[in-house]
Visitor: 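Take a look at this one; I'll ask things after.
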Amino acid sequence: SFGRKAFINHVLKKANVIKEYYSFLMISLEHDNSIEDFILKIMDLGFSSDSLVLDLLSKTIEEKIEIAVDILKYLSIQNERLLIEDMGVIVQPSGEISTWFSTIIDKLKKTQYLNFCIASKYKPHYKIQRDDAYFVQEIYELNQEERNGLLKRYSVFKDLNLAREDLQFFSELLTGLPEQVFYAVDLIKHENIFNAKRKSHTIQEYASEKAKIIISDLESNSDNLDLLYLLCKFEFISYDFLFNIIDENQYYSILESFLYKSICEKIGANG
């Protein structure tokens, strides 16, 4: 499957940055984690001594940054790279990079070594994308042609010989998530085509569950939901038209947060 981490792994191998057999060192940062958690999780990989982080909580932020830099320099000497699953610690909901991580990058970027690969929940701010110390690649949902192609190829891979009308039936249920395509084909494989069609609502619900997770994060603020409901009425809408309907001062920052959370996307050459 091709999620963010699998995409990183595949691309770096295709570009010969890492060897085909290479396995990333990996940590996961939850939304409430800090630089202390970052250091300790790298330590747990076995690349530093306990003495390096004695009384970590009592140290200043500058000292913690230096500890992190020392550990990461050692990783680079060992030709290791760190894959980070980031749930809003490094790339924050605003799209900004956390100050402590940005400082670490400033201290490491002279080495010209690929230290980190980050699968982030949020999109980095465009100014980050212009910084030579970072390379950012967005992964979009599959368009209609791509998901049709994946549906057909994965069904063949699963030894299914689906008729054109069956492919069309299931294609119309898909919304762009690769995992939803895999679920649909696996459902057909295990249930047969007749039963899979009878249970096709579960394919639609697969995408709905993803949406529920996003909406649950917005429910505490009525302005968030109001804007979401409005945007859902349109396939696309211009900034000018949108802010003729609603107050720009009240809703612009919320719209920006929607973009960083990939709830909506800019389209066209001028965004």
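All values derive from a computational prediction rather than experimental measurement.
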Visitor: Between Ile35 and Ile65, is any pair of side-chain heavy atoms under 4.5 Å apart?
Guide: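 Yes; the side chains approach each other to less than 4.5 Å.
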Visitor: Are any non-hydrogen side-chain atoms of Ile105 and Tyr134 less than 4.5 angstrom apart?
Guide: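 Answer yes - side chains close enough.
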Visitor: When you look at Leu230 and Phe234, which way does the side-chain contact (heavy atoms from CB on, under 4.5 Å) test go after all the steps?
Guide: CA-CA 8 Å; Leu230 175 61; Phe234 301 90; 3.8 Å; yes
Visitor: Regarding Gln92 and Ser98, do their side chains bring together a donor and an acceptor under 3.5 Å, going by distance alone?
Guide: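 No - no donor-acceptor pair under 3.5 Å links their side chains.
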Visitor: If we ignore hydrogens and angles and just use 3.5 Å, is the side chain of Glu63 paired with the main-chain N or O of Thr60 as donor and acceptor?
Guide: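 Such a contact is found between Glu63 side chain and Thr60 backbone.
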Visitor: Got more than 12 heavy atoms from elsewhere within 6.0 Å of CG, Asn161?
Guide: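 No.
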Visitor: Could you tell me the separation between the CG atom of Leu151 and the CZ atom of Arg147, rounded to the nearest 0.5 Å?
Guide: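 Separation between the atoms: 10.5 Å.
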Visitor: Evaluate the side-chain contact (heavy atoms from CB on, under 4.5 Å) criterion for residues Leu167 and Asn148: first the C-alpha distance (whole Å), next the side-chain angles of each, then the deciding distance (0.1 Å), finally the verdict.
Guide: CA-CA 8 Å; Leu167 288 169; Asn148 288 346; over 6 Å; no
Visitor: Ring centroid separation for Tyr22 and Phe24, is it under 6.0 angstrom?
Guide: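 Close enough - the centres of the two rings lie under 6.0 Å apart.
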Visitor: Does one hydrophobic cluster hold both Phe194 and Ile188, with members joined at side-chain heavy-atom distances below 4.5 Å?
Guide: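 Different clusters.
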Visitor: Is the backbone N or O of Lys64 less than 3.5 Å from a side-chain atom of Lys59, with the two atoms forming a donor-acceptor pair by type?
Guide: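 The answer is no, because no donor-acceptor pair under 3.5 Å joins these two groups.
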Visitor: If you count every heavy atom of other residues, nucleotides or ligands that lies below 6.0 Å from His201 atom NE2, does the total exceed 12?
Guide: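 Atom NE2 in His201 is crowded, with more than 12 foreign heavy atoms closer than 6.0 Å.
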Visitor: If you draw a 6.0 Å radius around CD in Glu165, do more than 12 non-hydrogen atoms from other residues or ligands fall strictly inside?
Guide: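 Yes.
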Visitor: To check you understand the geometry: which heavy-atom pair defines the closest contact between Leu82 and Met26, and what is its length?
Guide: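 Minimum heavy-atom contact is CD1-N, 4.3 Å.
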Visitor: Could you tell me the separation between the CD atom of Glu172 and the CD atom of Gln204, rounded to the nearest 0.5 Å?
Guide: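 Answer for the CD-CD pair, Glu172 versus Gln204, is 10.5 Å.
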Visitor: Grab the two heavy atoms, one from Glu30 and one from Val89, that are nearest each other, plus how far apart they are.
Guide: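 Between these two residues, the closest heavy atoms are O-CG2, 2.6 Å.
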Visitor: Would Val136 end up clustered with Ile90 when hydrophobic side chains under 4.5 Å apart are linked, directly or stepwise?
Guide: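 No: no chain of side-chain contacts under 4.5 Å links Val136 to Ile90.
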Visitor: Examine Arg81 relative to Tyr113 and say whether NZ or CZ is less than 6.0 Å from the centre of the six-membered ring and inside a 45° cone about the ring axis.
Guide: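 Satisfied, under 6.0 Å and within 45°.
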Visitor: Check whether Glu85 reaches the backbone of Ile118 with its side chain - one donor and one acceptor, N or O, closer than 3.5 Å.
Guide: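 The answer is no, because no donor-acceptor pair under 3.5 Å joins these two groups.
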Visitor: Please state whether the rings of Phe38 and Phe116 are parallel, tilted or perpendicular, taking 30° and 60° as the class boundaries.
Guide: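 Answer is tilted, since the angle falls between 30° and 60°.
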Visitor: Between Phe170 and Leu174, which heavy-atom pair has the shortest distance, and what is it?
Guide: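 Residues Phe170 and Leu174, closest heavy atoms: O-CG, 3.4 Å.
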Visitor: Between atom CG of Leu25 and atom CD of Glu80, what is the distance when rounded to the nearest 0.5 Å?
Guide: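 So the CG of Leu25 and the CD of Glu80 are separated by 4.5 Å.
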Visitor: Starting at CG of Asn9, measure out to CD1 of Ile18 and round the result to the nearest 0.5 Å.
Guide: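 Taking CG in Asn9 and CD1 in Ile18, the distance rounds to 5.0 Å.
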Visitor: Is a donor from one side chain sitting under 3.5 angstrom from an acceptor on the other, for Glu96 and Ser94?
Guide: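 Result is no, nothing qualifies.
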Visitor: Check Pro93 against Gly88 and note the closest heavy-atom contact, atom names and distance.
Guide: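 Nearest pair, atom of Pro93 first, then Gly88: CD-O, 4.1 Å.
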Visitor: As a quick check of understanding, evaluate side-chain contact (heavy atoms from CB on, under 4.5 Å) for Lys199 and Glu191, giving each step before the final call.
Guide: CA-CA 9 Å; Lys199 297 180 179 181; Glu191 297 281 352; 3.2 Å; yes
Visitor: Could you walk me through whether Lys123 and Leu259 pass the side-chain contact (heavy atoms from CB on, under 4.5 Å) check?
Guide: CA-CA 8 Å; Lys123 293 181 182 178; Leu259 290 166; 5.6 Å; no
Visitor: Does the side chain of Lys121 come within less than 4.5 Å of Asp86's, by heavy atoms?
Guide: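 In short, these two side chains do not touch, never coming nearer than 4.5 Å.
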Visitor: Are Leu45 and Leu29 in one and the same hydrophobic cluster, where Ile, Leu, Val, Met, Phe, Trp and Tyr link if side-chain heavy atoms are under 4.5 Å apart?
Guide: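 Both belong to a single hydrophobic cluster.
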Visitor: Are the side chain of Lys189 and the backbone N or O of Lys158 linked by a donor-acceptor pair below 3.5 Å?
Guide: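 A pair under 3.5 Å: yes.
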Visitor: Could Glu66 and Lys107 be called an ion pair, given the rule that one side-chain N must be under 4.0 Å from one carboxylate O?
Guide: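 Salt bridge flag = yes for Lys107 with Glu66.
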Visitor: What heavy-atom pair brings Phe169 and Lys197 nearest, and what distance separates the two atoms?
Guide: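 Nearest heavy atoms, Phe169 then Lys197: CE2-CG, 3.6 Å.
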Visitor: Using a distance-only test with no angle check, is there a side-chain donor-acceptor pair under 3.5 angstrom linking Ser257 and Tyr122?
Guide: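 Result is no, nothing qualifies.
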Visitor: If you round to the nearest 0.5 Å, how far is CE of Met43 from CD1 of Ile39?
Guide: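 One finds 9.5 Å between CD1 of Ile39 and CE of Met43.
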Visitor: Working to the nearest 0.5 angstrom, can you tell me the gap between Gln78 CD and Tyr74 OH?
Guide: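 That separation rounds to 4.0 Å.
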Visitor: Under a single-linkage definition using a 4.5 Å side-chain heavy-atom cutoff for Ile, Leu, Val, Met, Phe, Trp and Tyr, are Phe135 and Ile97 assigned to the same hydrophobic cluster?
Guide: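 Phe135 does not cluster with Ile97.
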Visitor: Tell me whether Val181 is reachable from Val156 by hopping between hydrophobic residues (I, L, V, M, F, W, Y) whose side-chain heavy atoms are closer than 4.5 Å.
Guide: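 Each belongs to a different hydrophobic cluster.
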Visitor: Are any of the side-chain nitrogens in Lys109 or Asp132 under 4.0 Å away from the carboxylate oxygens of its partner?
Guide: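 Here Lys109 does not pair with Asp132 in a salt bridge, since their nearest N and O are not under 4.0 Å apart.
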Visitor: Taking atom types as modelled, find out whether Ser34 and Asp37 have a side-chain donor-acceptor pair closer than 3.5 angstrom.
Guide: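 The answer is yes; a qualifying pair exists.
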Visitor: So Asp247 and Tyr252, do their side chains get closer than 4.5 Å, heavy atoms only?
Guide: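 A side-chain contact is absent here, since even the closest heavy-atom pair is not under 4.5 Å.
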Visitor: May I ask you to test the Cys117-Ile84 pair for a side-chain heavy-atom distance under 4.5 Å?
Guide: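 Cys117 does not reach Ile84 side chain to side chain.
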Visitor: Can you see which heavy atom on Asp166 is nearest to which on Leu162, and at what distance?
Guide: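 Smallest interatomic distance, heavy atoms only, reads CB-CB, 4.4 Å.
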Visitor: For side chain to side chain donor-acceptor pair (under 3.5 Å), just list the numbers for Lys41 and Asn33, CA-CA rounded to whole Å, side-chain angles, deciding distance to a tenth of an Å, and then say yes or no.
Guide: CA-CA 10 Å; Lys41 288 184 179 188; Asn33 284 170; 2.9 Å; yes
Visitor: Find out whether Leu231 and Leu255 are in side-chain contact, i.e. whether some heavy atom of one side chain is under 4.5 Å from a heavy atom of the other.
Guide: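 Side chain of Leu231 against side chain of Leu255, heavy atoms only: contact under 4.5 Å found.
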Visitor: Does Asp44 reach the side chain of Ile27, with side-chain heavy atoms less than 4.5 Å apart?
Guide: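 Asp44 does not reach Ile27 side chain to side chain.
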Visitor: Would you check if Tyr239 and Lys266 make a side-chain contact, meaning some heavy-atom pair closer than 4.5 Å?
Guide: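 In short, these two side chains touch, coming nearer than 4.5 Å.
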